[in-house]
*Asks:* 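Quick one: the structure is below, questions incoming.
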Amino acid sequence: MLDAMPEGHTIHRAARLQGHAFAGRRLAVTSPQGRFTEGAAALDGRRLERIDAVGKHLLYRFEDAPALHVHLGLFGRFRLHEGDDPPTASPQTRLELVARPEGAAGAGRPAVTLRCSGPTACELLTDAEEATLRARLGPDPLDPAAGPAGFAAALSRRSAGIGQALLDQRAVAGVGNVYRAEALFLAGLHPDEPAAALGPDDVEALWATLRELLRTGERQGRIVTITPADRSRPPSRLRRDEAVYVYGREGLPCRRCGALIRSWPLGGRRVFACPDCQPPRPTG
DNA sequence: GTGGGATGGGCAA
DNA sequence: TGCCCCTCCCACA
């Protein structure tokens, strides 16, 4: 669990794996760095019931306590250690959760230490604050109950390009800069295509692509967007630079058509696209 | 050793 | 739109 700079897949995976390690257990909660001391004290010694992932946000539910909200942002990362002898905590450790074998509930479960450094958010939320957070988030493709309707509605209200819209968490929650570029490539959409100009078929296909990519990423623990037809080895054997079509590949040949990948700033981040596989469509 | 960039996002202007 | 937050890592001296 060392993925840094996560998109939604990493967060959902973290919720699943950390849930396996911690759910139902009483945790020691501290803030070695000292910047979350008060919040940690409010949770220390309580039982963790479950962990929810929403977009790129994590919500830790403790018994009889406010929700713990963690957002890794661009710099945050988790480190998970099993066993009694975790490495010395870095001074940057904002949050540390420790479960130790105890009683019937802990029998057979090893000691586990989770550390989080560099998060954008590590805070306790009231129910009202959590509602505000959720209201800022569009549908999450990794939520089995979510569908493309809210996504389509958000896109129809935008004059900006689809590439910009995909980074807006109010339109769709959990997509980041890598999946934006890769999903648009797979959908054959130019990033500057006005979001509102997309037809229902395009929107549904894009939603399905995002869902598939994020699900694959959640399972693999890394971003792999290359389809079986375009690779000769299993995903786990692909080098980092072999696992994507366009992201970070400016000036390199497209894996499908050989045209040189281009990049430009869009929505505050750099977007990547193939000029031939993602042609601008005539506006009408 | 140093410096720039990175899979994010909130805020002011 | 640009600035700030904040940590890690890599390319480059």
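In what follows, chains carry the letters A, B, and so on, assigned in the order in which the sequence lines appear, proteins first and then strands, with residues in each chain numbered from 1.
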*Asks:* Which pairs pass salt bridge (charged side-chain N to carboxylate O under 4.0 Å, His left out) with one or both residues in residues 85-96 of chain A, sequence neighbours excluded?
*Replies:* A:Glu96-A:Arg115

*Asks:* Are the side chain of A:Gln164 and the backbone of A:Gly161 linked by a donor-acceptor contact shorter than 3.5 Å?
*Replies:*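 Answer holds: no.
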
*Asks:* Take atom CZ of A:Arg170 and atom C1' of B:dG10, then tell me their distance rounded to the nearest Å.
*Replies:* 12 Å

*Asks:* Return the polar atom pairs (N/O with N/O) between nucleotides 11-13 of chain B and the protein under 3.5 Å, or none.
*Replies:*
none

*Asks:* Nearest whole angstrom, please: distance from the C1' of B:dA6 to the CZ of A:Arg270.
*Replies:*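 Atom-to-atom, A:Arg270 to B:dA6, this comes out as 13 Å.
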
*Asks:* Show every ring pair (Phe, Tyr, Trp, His ring centres under 6.0 Å) that has at least one partner inside residues 214-263 of chain A, sequence neighbours left out.
*Replies:*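 Qualifying pairs, neighbours excluded: A:Phe185-A:Tyr245, A:Tyr247-A:Phe272.
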
*Asks:* Please determine whether a side-chain nitrogen or oxygen atom of A:Arg269 lies at a distance below 4.0 Å from atom OP1 or OP2 of C:dG2.
*Replies:*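 Looking at the OP1 and OP2 atoms of C:dG2, neither is under 4.0 Å from any side-chain N or O of A:Arg269.
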
*Asks:* From the list B:dG8, C:dC8, C:dT7, which nucleotide is the closest neighbour of the side chain of A:Arg79?
*Replies:*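 My answer, after comparing the listed nucleotides, is C:dC8.
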
*Asks:* Of all of residues 177-188 of chain A, which get a heavy atom below 4.0 angstrom from DNA chain B, listed by number?
*Replies:* A:Asn177, A:Val178

*Asks:* Quick one: does A:Lys56's side chain have a donor or acceptor within less than 3.5 Å of a partner on A:His9's backbone?
*Replies:*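 No, because the side chain of A:Lys56 does not come within donor-acceptor range (under 3.5 Å) of the backbone of A:His9.
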
*Asks:* Side-chain N or O of A:Gln169 less than 4.0 angstrom from OP1 or OP2 on B:dG10?
*Replies:*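 For B:dG10, neither OP1 nor OP2 has a side-chain N or O of A:Gln169 closer than 4.0 Å.
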
*Asks:* Report the residue from A:Gln18, A:Arg50, A:His69, A:Glu49 that forms a side chain to side chain donor-acceptor pair (under 3.5 Å) with A:Tyr60.
*Replies:*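 Result: among A:Gln18, A:Arg50, A:His69, A:Glu49, A:Gln18 is the only option passing the side chain to side chain donor-acceptor pair (under 3.5 Å) with A:Tyr60.
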
*Asks:* Just how far, in rounded Å, is C1' of B:dG9 from CG of A:Leu167?
*Replies:* 11 Å

*Asks:* Take the protein atom CG of A:Leu137 and the nucleotide atom C1' of B:dG9, then report the distance between them rounded to whole Å.
*Replies:*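 Taking CG of A:Leu137 and C1' of B:dG9, I get 12 Å after rounding.
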
*Asks:* Is any side-chain N or O of A:His71 closer than 4.0 Å to OP1 or OP2 of B:dG8?
*Replies:*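 For B:dG8, OP1/OP2 do not have a side-chain N/O of A:His71 under 4.0 Å.
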
*Asks:* Give every donor-acceptor pair under 3.5 Å between a side-chain atom in residues 127-135 of chain A and any protein atom, sequence neighbours left out.
*Replies:*
unit_1, atom_1, unit_2, atom_2, d
A:Glu129, OE1, A:Thr126, N, 2.8
A:Glu129, OE1, A:Thr126, OG1, 3.3
A:Glu130, OE1, A:Arg61, NH1, 2.8
A:Glu130, OE2, A:Arg61, NH1, 3.4
A:Glu130, OE2, A:Arg61, NH2, 3.0
A:Glu130, OE2, A:Arg134, NE, 2.9
A:Glu130, OE2, A:Arg134, NH2, 3.4
A:Thr132, OG1, A:Ala128, O, 3.1

*Asks:* Among residues 117-129 of chain A, which ones have heavy-atom contacts with DNA chain C below 4.0 Å?
*Replies:* A:Ser117, A:Gly118

*Asks:* Base, sugar-phosphate alone, or nothing: which one does A:Arg35 contact when heavy atoms must sit under 4.0 Å apart?
*Replies:*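 A:Arg35: backbone/sugar contact only, no base atoms under 4.0 Å.
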
*Asks:* Are the side chains of A:Leu43 and A:Leu27 in touch, meaning some heavy atoms are under 4.5 Å apart?
*Replies:*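 A side-chain contact under 4.5 Å is absent here.
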
*Asks:* So how far is it from A:Leu238 CG to A:Arg231 CZ, rounded to the nearest 0.5 Å?
*Replies:*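 Here the interatomic distance stands at 6.5 Å.
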
*Asks:* Would you mind reading off the distance between A:Arg94 atom CZ and C:dT7 atom P, rounded to a whole angstrom?
*Replies:*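 It is 6 Å, rounded to the nearest whole Å.
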
*Asks:* What's the CD-P distance between A:Gln164 and B:dG9, to the nearest Å?
*Replies:* 14 Å

*Asks:* Considering only residues two or more places apart or on different chains, which pairs with a residue in residues 142-167 of chain A satisfy ring pair (Phe, Tyr, Trp, His ring centres under 6.0 Å)?
*Replies:* A:Phe151-A:Trp207

*Asks:* How close or far is atom P of C:dC9 from atom CG of A:Leu74, stated in whole angstroms?
*Replies:* 13 Å

*Asks:* Taking only residues at least two apart or on different chains, which pairs with a member in residues 141-170 of chain A satisfy salt bridge (charged side-chain N to carboxylate O under 4.0 Å, His left out)?
*Replies:*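 Those involving residues 141-170 of chain A are A:Arg158-A:Asp168, A:Asp168-A:Arg170.
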
*Asks:* Is there a chain of hydrophobic side chains (I, L, V, M, F, W, Y, each step under 4.5 Å between heavy atoms) that links A:Phe62 to A:Val70?
*Replies:*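 Yes; tracing contacts between hydrophobic side chains, which count when under 4.5 Å, links both residues.
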
*Asks:* Give a yes/no answer on whether the side chain of A:Arg136 brings an N or O atom under 4.0 Å of OP1 or OP2 in B:dG10.
*Replies:* yes

*Asks:* Is the backbone N or O of A:Arg270 less than 3.5 Å from a side-chain atom of A:Asn177, with the two atoms forming a donor-acceptor pair by type?
*Replies:* yes

*Asks:* Using whole Å, report how far CG of A:Leu72 lies from C1' of C:dC8.
*Replies:* 13 Å

*Asks:* Any salt bridge (charged side-chain N to carboxylate O under 4.0 Å, His left out) involving residues 246-258 of chain A? Give me the pairs, sequence neighbours left out, ordered by first then second residue.
*Replies:* A:Asp230-A:Arg256

*Asks:* Hey, what else clusters with A:Leu266 if you join Ile, Leu, Val, Met, Phe, Trp, Tyr whenever side-chain heavy atoms sit under 4.5 Å?
*Replies:*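 Other cluster members: A:Trp264, A:Val271.
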
*Asks:* Suppose the criterion is salt bridge (charged side-chain N to carboxylate O under 4.0 Å, His left out): which pairs have a residue in residues 184-201 of chain A, not counting sequence neighbours?
*Replies:* A:Glu193-A:Arg281

*Asks:* Which dot-bracket string describes DNA chain B (Watson-Crick N1-N3 plus N6-O4 or O6-N4, or G-U N1-O2 and O6-N3, all under 3.5 Å; [ ] crossing; | other strand)?
*Replies:* ||||||.|||||.

*Asks:* Does A:Arg77 place a side-chain N or O at less than 4.0 Å from the phosphate oxygens OP1/OP2 of C:dC8?
*Replies:*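 No, outside the criterion.
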
